[in-house]
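Here is the structure we will look at, set down as structure tokens.
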Amino acid sequence: MKTVISTDRVAAVELLRKGHVVALPTETVYGLAANALNAIAVAKIFEVKERPRFDPLIVHLPNREWLEKIAELPASDRQLILKLADKFWPGPFTMVLPKGDIVPDIVTAGLRTVAVRLSAHRAFTEIVAELGEPLAAPSANRFGRISPTTAQHVLDELDGRIPLIIDAGATEHGIESTIVAVRDGRIAVLRRGPITEEQLSQFAEISSAVATAKISSPGQFPSHYAPRTPMRLIDKAEGFVPQKDQRVGLLAWDGAFRNAQAFAAFRNLSDRGDLREAAANLFRYLRELDALSLDLIVAERVPSQGLGAAIMDRLERASNR
Ligand code: TXA
Ligand code: MG
């Protein structure tokens, strides 16, 4: 199959209507989309990604009205869910809710819950609205690999496996959406992301599922987001000395280090120490360093408040295998 990179949104809608899989930009990372109500189309996502069938997908809604078709809102949490939707949708925010009957089991991997999101990305929004049906979409990488933040990354991952990649440049946030479950008046954070716990805590008590509970969600696998090159976290690059003949790449936080000669290559997540900029650059720089056939990548820890917690989460997974 020939994979085309283009900006032709009409072609994307046509392919989706026919049950094909298309890569689309969102404000977080590029997604691999298929009509969520077409189980055969959704099965293709798993084939293309080589993703285990027990890993459920996020359903992206055409608009707010679809929320209560896709999910059943429990009366006790209804107000809180709607408030969160008002505040954080459209945007980089996903809620895990009891599943509605029309959602095929393959989408939720047999779970009784479904993850729902409303993207704010212009191209994505137009395509899903024109299709008029929700889109199931995981990140457009092969299973266990780094999420793509440009159309070229998607091509590197999936060339020859899908017909079309819609190109809208680099994604805004650069890391995947925050995923929460709303239960018994509380918010459990299942995956950290652009919407921070600080922001969420203004709406309800946060029960920190990331740290404690065993979630049936492989995005929680400790070795997710792994580059091929071995990776290690360090506090500061300053003072780091590679072993003899060892080619080490540095993923630096803010470029404050002065021992550049110790490294075969380096990237600064943000020269001005800005967490948003760091998140947006993270996966691109990891990919670039991973492509250099280094012996080791060392990454500096970033400040762990706010968005930094989500970045540290990705760095820890990437260095864990
Ligand atoms: O930003 C994003 O969320 C991107 C864009 C494309 O929307 N999507 C994304 O999807 O990151 P994916 O499939 O790569 O990660 C979704 C995570 C997976 O770890 C999956 O296990 C979890 O969400 N998940 C999906 N449905 C779930 C459910 N019902 N309960 C618990 N976890 C769920
Ligand atoms: Mg993913």
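None of the values given here were measured: they were computed from a predicted structure. Residues: numbered from 1 along the sequence shown. Hydrogens, waters and symmetry mates are skipped; everything else that's a heavy atom, side chains included, is used. Atoms within a ligand are numbered from 1 in the order they appear, just like the ligands themselves.
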inquiry  = Against ligand 1, does Thr108 come closer than 4.0 Å with any heavy atom?
reply    = no
query = Is there any N or O on Tyr30 that sits under 3.5 Å from an N or O of ligand 1?
reply = no
task = Could you list the atoms of ligand 1 found under 4.0 angstrom from a heavy atom of Leu111?
result = 28 (C), 29 (N), 30 (N)
message = If we set the cut-off at 4.0 Å for heavy atoms, which region of Arg51 has an atom near ligand 1: side chain, backbone, both, or neither?
response = side chain
inquiry  = Tell me if the centroids of the rings in Phe124 and His60 come within less than 6.0 Å of each other.
reply    = yes
Ligand 1 contact by His173, heavy-atom criterion under 4.0 angstrom = no
For His60, the ligand 1 atoms whose distance to one of its heavy atoms is below 4.0 Å = 5 (C), 7 (O)
request  = Only heavy atoms count here, so choose which of Val96, Val29, Ile45, Val107 is nearest to atom 30 (N) of ligand 1.
outcome  = Val96
inquiry  = Please determine whether a side-chain nitrogen of the Lys or Arg among Glu72 and Arg112 lies less than 4.0 Å from a carboxylate oxygen of the Asp or Glu.
reply    = no
ask   = Hey, are the side chains of Ile195 and Val180 touching, using non-hydrogen atoms and a 4.5 Å cut-off?
value = no
note = Smallest heavy-atom separation, Ile70 atom then Val114 atom, equals O-CG1, 3.7 Å
query = Between Ile175 and Val29, which heavy-atom pair has the shortest distance, and what is it?
reply = C-CG1, 4.0 Å
task = Any chance you could lay out the side-chain hydrogen bond (donor to acceptor under 3.5 Å, both in side chains) test for Asp295 and Gln246, step after step, and finish with the verdict?
result = CA-CA 6 Å; Asp295 300 314; Gln246 193 186 30; 5.8 Å; no
ask   = Between Arg145 and Glu50, does at least one N-O distance fall below 4.0 Å, as a salt bridge requires?
value = no
message = Suppose I only count heavy atoms of Ser177 and a 4.0 Å limit; which atoms of ligand 1 are within that range?
response = 1 (O), 2 (C), 3 (O)
task = Check each heavy atom of Lys99 against ligand 1 and say whether those closer than 4.0 Å belong to the side chain, the backbone, both or neither.
result = neither
message = Strictly under 2.8 Å, is the Mg ion (ligand 2) approached by any N, O or S atom of Ser139?
response = yes
ask   = If you count the atoms of ligand 1 from 1 in the order shown, which ones are under 4.0 Å from a heavy atom of Glu176?
value = 1 (O), 2 (C), 11 (O)
task = Using heavy-atom distances, let me know which of Ile179, Thr113, Thr28, Asn141 sits nearest atom 29 (N) of ligand 1.
result = Thr113
message = Pair Phe240, Phe257 - check ring-ring contact (aromatic ring centres under 6.0 Å, His included), show working.
response = CA-CA 10 Å; Phe240 179 89; Phe257 66 97; over 10 Å; no
Arg284/Arg267 under side chain to side chain contact (heavy atoms under 4.5 Å, CB included): CA gap, chis, key distance, verdict = CA-CA 10 Å; Arg284 176 158 61 97; Arg267 298 285 186 283; over 6 Å; no
task = Give the single entry among Leu135, Ile58, Leu190, Asp55 that approaches atom 20 (C) of ligand 1 most closely by any heavy atom.
result = Asp55
